[in-house]
Asker: 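Have a look at this one.
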Amino acid sequence: MSRGVFITLEGIEGAGKSTVVQWLGEWLRESGRTVRVTREPGGTELAEQVRRLVLEHGRERLSAEAETLLMFAARAIHLDNLIRPALAAGDWVVSDRFTDATRAYQGAGRGVDGAWIETIATRVHAGLAPDCTLLLDLPVAVGLARARARRGPADRIEAETEAFFERVRAGYLALELREPQRIRRIDATAAVPAVQAQVRAALAPWLTGAGRP
Ligand code: TMP
C-alpha cells in the first residue's frame, strides 16, 4: 500500500487555519478518503500536555531554545503515535501546523539558529516532510485584529508584539520562496468560498494522484 498524503496548514494568528482545516477534513472525507485531522503542538494526549506546558503563562522563564525543544518533543510524540502510523495505513493526514511553524516562530520570530532547528528536524523526522503545505497569508494587522476579536485571553505566544508576528510572517514567506513546489500561498484575506477554491486548486495534483509520493 502506498503511504497516505501529508498536508499541513500554516500561517500567523487570525489567518483562519482552524476553519480551513475542519472544512478540508470534511471535504476530503466526502470524496471517500480516510482523513486524520490533527494539530501541533499537540494531536495526541501526551503531546497536548506538552502544548499546555509551552503555551500557558507560567512563573518561570522559558527560553527560545527551551520553547523550540518542547515544540519538537511534542512533534516527536505526535509523529510516533499519530502521523507515521496514519500515513503508513494509507490515510491522509491534515495537520494544523508542523515544522515550518518552528522555522517561522522560533527561527524567524525569536531568532533561534536556523541550522540548529534543521539539525533537530532531521533527527526527529528524517525522510518525512509534508507533501503540500498551505500557507494562509494575510497582513499582520488584519490577522491580529481577527484573532483578538474571537478569542479569550492570549496565550504566551499570542501575547507577542506585532513586530514579532511581522518577523514570523516574513519567515513564512521566505520559506515559500525556498520551497515553492511544496509551500502554496493562499490569500487568507479572501472570503471563505474563495479561500476554499484556492485550497482545492493547490491540492489538485494530490487529488488526481498525479502528485503522489
Ligand atoms: P494555534 O492553535 O493558534 O496554531 O496555536 C499554536 C501556537 O503555537 C501558535 O501561536 C504558534 C505556536 N507554535 C510555535 O511557535 N512553534 C511551533 O513549532 C508550533 C507547532 C506552534
Side-chain angles (χ1 to χ4, degrees), residues 7-27 35-75 77-78 81-83 93-112 133-173 186-196 199:
I7 308 293
T8 59
L9 282 95
E10 299 284 355
I12 58 165
E13 327 294 305
K17 268 183 311 95
S18 318
T19 316
V20 174
V21 165
Q22 292 312 320
W23 162 78
L24 181 57
E26 284 311 308
W27 182 66
V35 187
R36 299 293 303 265
V37 172
T38 186
R39 71 169 180 182
E40 288 207 349
T44 75
E45 205 180 316
L46 187 55
E48 289 287 331
Q49 289 183 33
V50 180
R51 179 187 178 96
R52 282 194 288 280
L53 287 178
V54 73
L55 294 182
E56 273 174 11
H57 294 276
R59 283 206 306 266
E60 292 182 41
R61 185 177 125 73
L62 188 67
S63 70
E65 284 70 25
E67 188 178 87
T68 303
L69 291 167
L70 286 171
M71 293 297 179
F72 273 110
R75 183 161 302 129
I77 297 164
H78 189 207
N81 293 284
L82 192 158
I83 298 177
V93 174
V94 176
S95 184
D96 186 341
R97 300 194 188 281
F98 192 63
T99 299
D100 293 318
T102 313
R103 296 181 174 117
Y105 279 77
Q106 282 67 49
R110 301 242 193 261
V112 171
T133 297
L134 303 163
L135 171 56
L136 271 62
D137 181 58
L138 81 179
V140 170
V142 179
L144 292 186
R146 278 192 193 172
R148 281 182 192 129
R150 64 159 187 249
R151 64 145 197 255
D155 67 31
R156 238 175 25 79
I157 295 177
E158 286 166 344
E160 274 295 339
T161 60
E162 195 159 331
F164 171 83
F165 290 107
E166 290 289 0
R167 292 195 296 277
V168 173
R169 182 187 185 203
Y172 273 130
L173 295 176
I186 307 291
D187 173 10
T189 62
V192 171
V195 169
Q196 293 174 350
V199 170

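All values below come from the heavy atoms of this structure, side chains included, with hydrogens, waters and symmetry mates left out.
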Asker: Hey, is the main chain of Val94 close enough, under 3.5 Å, to the side chain of Arg36 for a donor-acceptor pair?
Answerer: no

Asker: Work out which heavy atom in Ala74 is nearest to a heavy atom in Val50; give both atom names and the distance.
Answerer: CB-CG1, 3.9 Å

Asker: OG/Ser63 to CG/Leu70 distance, rounded to the nearest 0.5 angstrom?
Answerer: 9.0 Å

Asker: Take Leu134 and Ile7 through the side-chain contact (heavy atoms from CB on, under 4.5 Å) test and state the conclusion after the steps.
Answerer: CA-CA 8 Å; Leu134 303 163; Ile7 308 293; 4.1 Å; yes

Asker: Phe98 versus Thr133: any side-chain heavy-atom pair under 4.5 Å?
Answerer: no

Asker: Please identify each residue that fulfils side-chain contact (heavy atoms from CB on, under 4.5 Å) with Ala159, with sequence neighbours left out.
Answerer: His57, Ala154

Asker: Side-chain contact, heavy-atom cut-off 4.5 Å: Ile186 with Leu9?
Answerer: no

Asker: If we ignore angles and hydrogens, is there a donor and acceptor under 3.5 Å between the side chains of Ser95 and Thr38?
Answerer: no

Asker: Which residues pass the side chain to side chain donor-acceptor pair (under 3.5 Å) test with Glu26, not counting sequence neighbours?
Answerer: Arg29

Asker: How many angstroms lie between CD1 in Ile77 and CD1 in Ile83, if you round to the nearest 0.5 Å?
Answerer: 12.0 Å

Asker: Under the rule for ring-ring contact (aromatic ring centres under 6.0 Å, His included), what residues qualify as partners of Phe165, not counting sequence neighbours?
Answerer: none

Asker: Given side chains that start at C-beta, do those of Ile157 and Phe164 come closer than 4.5 Å, heavy atoms only?
Answerer: yes

Asker: Find out whether Trp23 and Val192 are in side-chain contact, i.e. whether some heavy atom of one side chain is under 4.5 Å from a heavy atom of the other.
Answerer: no

Asker: Which heavy atom in Ala188 sits nearest to a heavy atom in Ala15, and how many Å separate them?
Answerer: CB-O, 3.5 Å

Asker: So which heavy atom on Ala108 is nearest to which on Gly171, and how close?
Answerer: CB-CA, 3.7 Å

Asker: How about Asp187 and Leu138: do any of their side-chain heavy atoms sit closer than 4.5 Å?
Answerer: no

Asker: Is there any salt bridge (Lys or Arg N to Asp or Glu O under 4.0 Å) pair reaching into residues 42-64, and which pairs are they, with sequence neighbours excluded?
Answerer: Arg39-Glu48

Asker: Who pairs with Arg75 by salt bridge (Lys or Arg N to Asp or Glu O under 4.0 Å), at least two apart in sequence or on another chain?
Answerer: Glu40

Asker: Of all residues at least two apart in sequence or in a different chain, which pass the side chain to side chain donor-acceptor pair (under 3.5 Å) check with Thr68?
Answerer: none

Asker: To the closest 0.5 Å, what do you measure between CG (Leu53) and CG (Leu62)?
Answerer: 9.0 Å

Asker: Determine the minimum heavy-atom distance between Ala47 and Gly42, stating which atoms define it.
Answerer: CB-O, 3.4 Å

Asker: Going by side chain to side chain donor-acceptor pair (under 3.5 Å), name the pairs with one or both residues in residues 10-19, residues two or more places apart or in two chains.
Answerer: Glu10-Tyr172, Glu13-Tyr105, Lys17-Asp96

Asker: Does anything in residues 142-167 pair up under side chain to side chain donor-acceptor pair (under 3.5 Å), and if so which pairs, sequence neighbours excluded?
Answerer: Glu67-Arg156, Arg110-Glu160

Asker: Considering only heavy atoms from C-beta outward, does the side chain of Val37 approach that of Gln22 to under 4.5 Å?
Answerer: yes

Asker: Are Val93 and Val35 close enough that some pair of their side-chain heavy atoms sits under 4.5 Å apart?
Answerer: no

Asker: Got a sec, which residues hit side-chain contact (heavy atoms from CB on, under 4.5 Å) with Ala194, two or more places apart in sequence or on another chain?
Answerer: Ala190

Asker: Taking the side chain as C-beta and beyond, is there a heavy-atom pair between Val20 and Val199 under 4.5 Å?
Answerer: yes

Asker: Can you tell me how far the CG atom of Leu135 sits from the CG atom of Leu173, to the nearest 0.5 Å?
Answerer: 6.0 Å

Asker: Give the minimum heavy-atom separation between Pro41 and Val54, together with the two atoms involved.
Answerer: CG-CG1, 4.2 Å

